[in-house]
Amino acid sequence: GALGTGMVSGGRSAGNITITGTNNSVTGAITASGGAGLGTNQIGGNAGVVSITGAGTLSTNTITASTGAATGTGAGGTVGSVTLSGTTGTTGAIVTTGGSNGNGGAVSITTSSTLGAGAITTSGGTALAGTSGRNAGNVTISSGGAITALGAIAASGGAGVLTGDQAGGNAGTVSVTAVGGVAGAAAITASGGAAAGTNAAGGNAGAITVSNSGSGNIVLGALASQTGNALGTGTAGTAGSISVTNTSAGGNLTTAGITTTGGTKGHGGNVSLSALGAVSTGAAGNIATGGGTTITGNAGRNAGTVTLSGGSVSTGTGTITASGSAGLGASQAGGHGAAVQITTTGAVTTGAISTAGGAAITPGPAAGGNAGNITVTNNSTTAGAIALGALTTTAGAAFGTGAGGTTGTIQVTNSAAGLGLTTGAITASGATNATGGNVTLSSQGGATVSGLITTSGGTAPGRTRLPA
């Protein structure tokens, strides 16, 4: 509870709530949050543990189990958690976000049959002055039937706050499993918090995993898992990943844009989307896994891979970017681009695809970053055209006597009889000190390139090409 007027003390702890039975229903809101501290540099109260388990129907309204707000440099209270289970379930919004200086608590929902879930927020609480960012809690949702509704899920770390060097908080992991489809077009975010100060670490990104089997489609919103920005000599956050898989026969997979681009000094995370039906990121859903911008005295950051497979794949006009970033400072190498692989038994439609390596920066010597390969394959012999935007897999430019990056290859194959293959301009050139890459286009119908095809080798430094 709240402290009385004039008291100077840490916040009081919440009690736990445990309900076990058959056909559990709570129509009112449940609150098991710690109390706020009063006075200078006081701790927040501990959050409670909420557990509602049993067989039969499960029905809840809003549930809140947050730590109490600390003051000044006082520690946040001990995190609570929310655990729910039943045969079928309908849950309202769940909040375990930390209070001031508090971490977020874990949330677990399990049903043996259908589930409808509201929004879930487990992010780290707001850090006060002179405090590092707070960590998020993990989210685990498992349904033995269809997930008929799913609200937005936020499990991100909080930002550090001056004074001093303060690290960003870590994201939680998010796991969603269903048998019968996932509806709701929920956005899911699990990104690390940004650092504050001069030399401080960025927060780790979380892994986002969504899977469905049996029957049904997966429909999600925007997905993001990015490292928090690091500063100075601070360590970059660990890259997260995004994996969405639908193994139901003919089941589709739909998302909005997907982002695992590294924050400052951070590598990009891997992205994998797989379904037996259509895979789509919408009319203009970009996929971005590039390496983050680096800081003076550091090499460029690497990109994450992109792997897409389905009965068909479409990003509409959305681009796919898996490029390394440039090094920064004397003798700093460029970051590596990553492979993009698309495999279908039907049509493929994307905007531009880039897997370029990052450039080394003067003065050198310094190596250029490797580019990733671009591979697009339609294995069907009867259905599906391939329509791609510009394709770029250029190695990063070296500097001085630094090694040139390895240029990627571009291979696009359409096995469908009489059906075409179109791309925008194709660039597989070697930058400074790098050779060009191979390009192979194979189609059982026409092959059309709307622009130049360039595979030239790069120029060695200090040499001048004379006219013929």
Side-chain angles (χ1 to χ4, degrees), residues 178 180-183 185 210-221 223 242-258 270-287 289 305-322 339-355 372-391 393 409-424 426 439-450:
V182 179
V210 181
S211 62
N212 178 63
S213 60
S215 63
N217 302 319
I218 294 177
V219 181
L220 301 170
L223 308 177
I242 294 175
S243 175
V244 186
T245 305
N246 191 358
T247 60
S248 71
N252 299 330
L253 189 169
T254 303
T255 73
I258 296 176
N270 297 335
V271 170
S272 175
L273 305 179
S274 176
L276 298 182
V279 172
S280 172
T281 59
N286 298 329
I287 300 176
T289 69
T305 61
V306 177
T307 306
L308 311 177
S309 64
S312 63
V313 168
S314 175
T315 64
T317 60
T319 60
I320 301 175
T321 305
V340 172
Q341 180 170 322
I342 303 173
T343 307
T344 70
T345 53
V348 181
T349 304
T350 74
I353 302 175
S354 176
T355 61
N373 297 331
I374 298 174
T375 306
V376 181
T377 306
N378 173 18
N379 287 316
S380 173
T381 59
T382 59
I386 294 178
L388 310 174
L391 307 178
T393 180
T409 62
I410 295 174
Q411 183 166 337
V412 184
T413 304
N414 192 356
S415 300
L419 293 174
L421 180 166
T422 63
T423 76
I426 296 176
V439 174
T440 304
L441 306 179
S442 175
S443 175
Q444 300 302 309
T448 302
V449 178
S450 300

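- Put simply, CD1 on Ile218 and OG on Ser211 are 7.0 Å apart, with the number rounded to the nearest 0.5 Å.
- Contact annotation: the side chain of Val219 never approaches that of Thr255 to less than 4.5 Å [non-hydrogen atoms, C-beta and beyond].
- Using a 4.5 Å heavy-atom threshold, the side chains of Val210 and Leu220 count as touching.
- Considering every non-hydrogen atom in both Ala416 and Gly384, the closest pair reads CB-O, 3.7 Å.
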Decide yes or no on side chain to side chain contact (heavy atoms under 4.5 Å, CB included) for Val376 and Leu388, but give the supporting numbers first.
CA-CA 9 Å; Val376 181; Leu388 310 174; 4.0 Å; yes
Kindly determine whether Thr245 and Ser274 satisfy side-chain hydrogen bond (donor to acceptor under 3.5 Å, both in side chains), including the steps that lead there.
CA-CA 5 Å; Thr245 305; Ser274 176; 5.3 Å; no
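- When Thr305, Leu223, Thr289 are each tested for a side chain to side chain contact (heavy atoms under 4.5 Å, CB included) with Val271, only one passes: Thr289.
- For Leu441, the side-chain contact (heavy atoms from CB on, under 4.5 Å) criterion is met by Val412, Leu421, Ile426, Val439, Val449, not counting sequence neighbours.
- Not a single side-chain hydrogen bond (donor to acceptor under 3.5 Å, both in side chains) links Thr413 to another residue, sequence neighbours left out.
- The two residues Ala178 and Val182 have their closest heavy-atom pair at CB-CG2, 3.7 Å.
- Between Thr315 and Ile287, the closest side-chain pair of non-hydrogen atoms falls below 4.5 Å.
- Val244 pairs with exactly one of Thr254, Leu253, Val279 by the side chain to side chain contact (heavy atoms under 4.5 Å, CB included) rule, that one being Leu253.
- For the residue pair Asn378 / Ser415, no side-chain donor-acceptor distance below 3.5 Å is found, with atom types taken as modelled.
- Asn212 has its side chain within reach of Ser248: a pair of non-hydrogen atoms, C-beta onward, lies under 4.5 Å apart.
- No donor-acceptor distance shorter than 3.5 angstrom exists from the side chain of Thr319 to the backbone of Thr321, with no hydrogens or angles considered.
- Taking the side-chain contact (heavy atoms from CB on, under 4.5 Å) definition, one finds that Ala278 meets it with Asn252, Ser312, sequence neighbours left out.
- In terms of modelled atom types and a separation under 3.5 Å, the side chain of Asn373 and the main chain of Thr409 share a donor-acceptor contact.
- Not counting sequence neighbours, the partners of Thr393 by the side-chain hydrogen bond (donor to acceptor under 3.5 Å, both in side chains) test are Thr355.
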Intermediate values then yes/no, side chain to side chain contact (heavy atoms under 4.5 Å, CB included), Ile258 and Leu273:
CA-CA 10 Å; Ile258 296 176; Leu273 305 179; 3.7 Å; yes
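- Panel note: side chain Asn270, backbone Ile242; no donor-acceptor pair is recorded below 3.5 Å.
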Could you give the side-chain donor-acceptor pairs of residues 340-353 under 3.5 Å, partners two or more places apart or in another chain?
| from | atom 1 | to | atom 2 | distance (Å) |
| --- | --- | --- | --- | --- |
| Thr344 | OG1 | Gly346 | N | 3.3 |
| Thr344 | OG1 | Gly346 | O | 2.6 |

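- Of all the heavy atoms in Ala383 and Ser380, the pair that sits closest is N-OG, 3.0 Å.
- Atom CG in Leu419 sits 9.5 Å away from atom CD1 in Ile386 (nearest 0.5 Å).
- Judged as a side-chain hydrogen bond (donor to acceptor under 3.5 Å, both in side chains), and not counting sequence neighbours, Asn217 has no contacts.
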